[in-house]
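Data first, discussion second: the structure below is written as structure tokens.
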Amino acid sequence: MIKRLLIANRGEIAVRIIRACKELGIETVAVYSTADKENLHVKMADIAVCIGAAPSSKSYLNMTALITAAIKTGSEAVHPGVGFLSESAEFAAEVEKAGLVWIGPKPETISLVGDKVKARETAKKAGLPVTPGSEGAIRNEDMACKVAEDCGFPVIIKAASGGGGKGMRIVRRFEEFEENLQIASSEAKANFGDATIYIEKYIEDPRHVELQVLGDGKGNVAILGERDCSMQKNHQKLIEESPSPAVTPDMRKKMCKGALNLFSDLKYRGAGTIEFLVTEGNFYFMEVNARIQVEHPVSELVTNTDLIKNQILVCCGAPMECDSGILKTVGCSIEARINATRPGKVEKLNVPSGPGVRFDSFLYQGYSVVPHYDAMLAKVIVYDLDRPRAIARLLRALDELEIEGVPTNLEEQKMLLKSKEFQKGNFGTSLYAKLVK
């Protein structure tokens, strides 16, 4: 087993990785920008190295600075966390080229599934249903128009690379198609350096459901249940839960079988997620995320599995701590993301606790939230025997949470959880927009 690991990330996920490493007896190296000198992960790590100025391009996205820090500190491995370079095949390859262990899928796997067009084709070969759309990338405007007409409006234009809603355009009428085609391609080029796009039939108000996957790199794969991530604001997840109220036993069986085929064929290594759109009793492959997800704690709680520890173990050549195959889930877990609405200093912090409550964060009293990075401050995750009890427990935990000095979306999260639509579990990705009109 490795003795020292560098975390190429910041904030909450860096804190989470440090905790797992401490339990495994692995020393940690934190990296930080000049804006993050007082971040909790810097204080918790065994070693901390400043890698550049506040802009991500000069720090957390600077491959040379990250690898140099790993080598100079005697690190044997690099964990990319989430976001930033976590799905960069180039960074993964450079880490391995430097003689370091990459805590993630092999670079060639990241490259394959990171291209949404190739991932779609791979999913079809594994027997997973995909939404009607283009066969491969869009080559020219004539092809785009033909695909859109065949699918029937509305359609969605997507960037082959990247995510987060960038390079994505929903088109409801043919008269608006050409303009949106050009905009989507330009956004894809600007945000991901790749103008490649593809087109799919747009599914109105679907459920967003994903399976948590763990592989040992040798073809052995575990499926750790599904998560429902349908509560979203502008394609950004707000509340996640496991299991999904929308997934039937038969649907779950088919989803898991296809995912096992896909990830086994890939000889997938580490943690990953396969995402689906669910509508009217059907499901369709959407994409693969070749990394750990922000919402991984809900899967940990319903399967009693430490995903971060297992990531590290399998990437270092050790066996998974869990069985392969489709794991049984027990109970219900729900996570609410607490986001800052603007920067500020944490004047008071009261953390929720009690049975079945977990608080993942990098906040502490006196910490000043910086404006340069993701707005997420914390995750409140609960576990209970069933969904109604879990909702009640999460509302209780959110009532206990106090963050003074930094405005957040805390009250909005309570409103969403109390809504009759969420309580019934019968909603799609447009619910947030309906509730905040």
Side-chain angles (χ1 to χ4, degrees), residues 2 5 8-9 13 17 63 66-67 77-128 130 136-137 158-163 192-194 196 198 210-224 255-276 285-294 296 299 307-308 310-320 322 324-325:
I2 59 170
L5 176 148
N9 217 295
I13 190 62
I17 295 166
M63 298 184 195
L66 291 165
I67 293 173
V78 173
H79 195 308
V82 302
F84 293 131
L85 295 168
S86 61
E87 291 183 277
S88 170
E90 180 185 357
F91 184 49
E94 289 298 317
V95 166
E96 292 189 346
K97 186 178 177 181
L100 305 169
V101 176
W102 169 255
I103 307 298
K106 298 170 186 176
E108 54 269 30
T109 305
I110 299 174
S111 181
L112 173 63
V113 301
D115 183 318
K116 292 180 174 58
V117 173
K118 292 179 181 177
R120 179 182 161 96
E121 294 169 351
T122 304
K124 285 178 69 176
K125 291 177 183 177
L128 289 167
V130 300
K158 294 182 177 180
S161 303
F192 313 119
D194 180 5
T196 305
Y198 66 107
E210 58 193 30
L211 293 177
Q212 176 62 59
V213 178
L214 183 68
D216 67 358
K218 302 171 185 176
N220 298 307
V221 173
I223 307 291
L224 295 90
M255 278 182 174
C256 291
K257 182 179 178 181
L260 278 173
N261 290 339
L262 176 61
F263 284 84
S264 296
D265 288 346
L266 290 171
K267 289 186 168 52
Y268 192 88
R269 184 183 71 190
T273 307
I274 182 168
E275 306 198 7
F276 300 96
F285 170 82
M286 185 165 63
E287 64 184 25
V288 171
N289 290 302
R291 56 173 169 79
I292 197 73
Q293 291 268 55
V294 171
H296 72 272
S299 297
L307 284 165
I308 303 295
N310 273 281
Q311 267 190 305
I312 296 168
L313 289 171
V314 298
C315 292
C316 292
M320 297 187 291
C322 61
S324 57

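The OG atom of Ser299 lies 9.5 Å from the CD atom of Gln293; values are rounded to the nearest 0.5 Å. Atom OH of Tyr268 and atom CG of Leu214 lie 9.0 Å apart (nearest 0.5 Å). Residue Asp265 holds its CG atom at 6.5 Å from CG of Asn261, rounded to the nearest 0.5 Å. Here CD of Glu287 is found 6.5 Å from NZ of Lys158. Values are rounded to the nearest 0.5 Å. Interatomic distance, Ile292 CD1 to Gln311 CD, rounded to the nearest 0.5 Å: 4.5 Å.
Residues passing the salt bridge (Lys or Arg N to Asp or Glu O under 4.0 Å) test with Lys124 are Glu135, sequence neighbours excluded. Partners of Val221 by side-chain contact (heavy atoms from CB on, under 4.5 Å), not counting sequence neighbours, listed by chain and number: Val213, Ile223, Leu260, Phe263, Ser264. Not counting sequence neighbours, Thr122 has no partner by the side-chain hydrogen bond (donor to acceptor under 3.5 Å, both in side chains) test. In terms of the ring-ring contact (aromatic ring centres under 6.0 Å, His included) criterion, Phe285 has no residue partners (sequence neighbours excluded). Contacts of Phe84 classified as ring-ring contact (aromatic ring centres under 6.0 Å, His included), with partners at least two apart in sequence or in another chain: Tyr60. With sequence neighbours excluded, no residue satisfies side-chain hydrogen bond (donor to acceptor under 3.5 Å, both in side chains) with Asp115. Listed by chain and number, the residues in a salt bridge (Lys or Arg N to Asp or Glu O under 4.0 Å) with Glu275 are Lys237 (sequence neighbours excluded). Residues passing the salt bridge (Lys or Arg N to Asp or Glu O under 4.0 Å) test with Glu87, sequence neighbours excluded: Arg291. Residues satisfying the side-chain contact (heavy atoms from CB on, under 4.5 Å) test with Lys267, not counting sequence neighbours, are none. Not counting sequence neighbours, Glu90 has no partner by the salt bridge (Lys or Arg N to Asp or Glu O under 4.0 Å) test.
Distance alone, capped at 3.5 Å, places no donor-acceptor pair between the Asn9 side chain and the His79 backbone. Under a 3.5 Å cut-off, the side chain of Glu210 and the backbone N or O of Phe276 do not form any donor-acceptor pair.
Taking 4.5 Å as the limit, some side-chain heavy atom of Leu66 sits within range of a side-chain heavy atom of Leu85. Looking only at side-chain heavy atoms (C-beta outward), Leu307 and Leu224 come within less than 4.5 Å of each other.
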Assess whether side chain to side chain contact (heavy atoms under 4.5 Å, CB included) is satisfied between His296 and Ile13, documenting all intermediate values. CA-CA 11 Å; His296 72 272; Ile13 190 62; 4.2 Å; yes
Result block: side-chain N/O donor-acceptor pairs under 3.5 angstrom for residues 103-111, not counting sequence neighbours:
none

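Each ring-ring contact (aromatic ring centres under 6.0 Å, His included) pair with one or both residues in residues 88-122, not counting sequence neighbours, appears once here: Phe91-Trp102.
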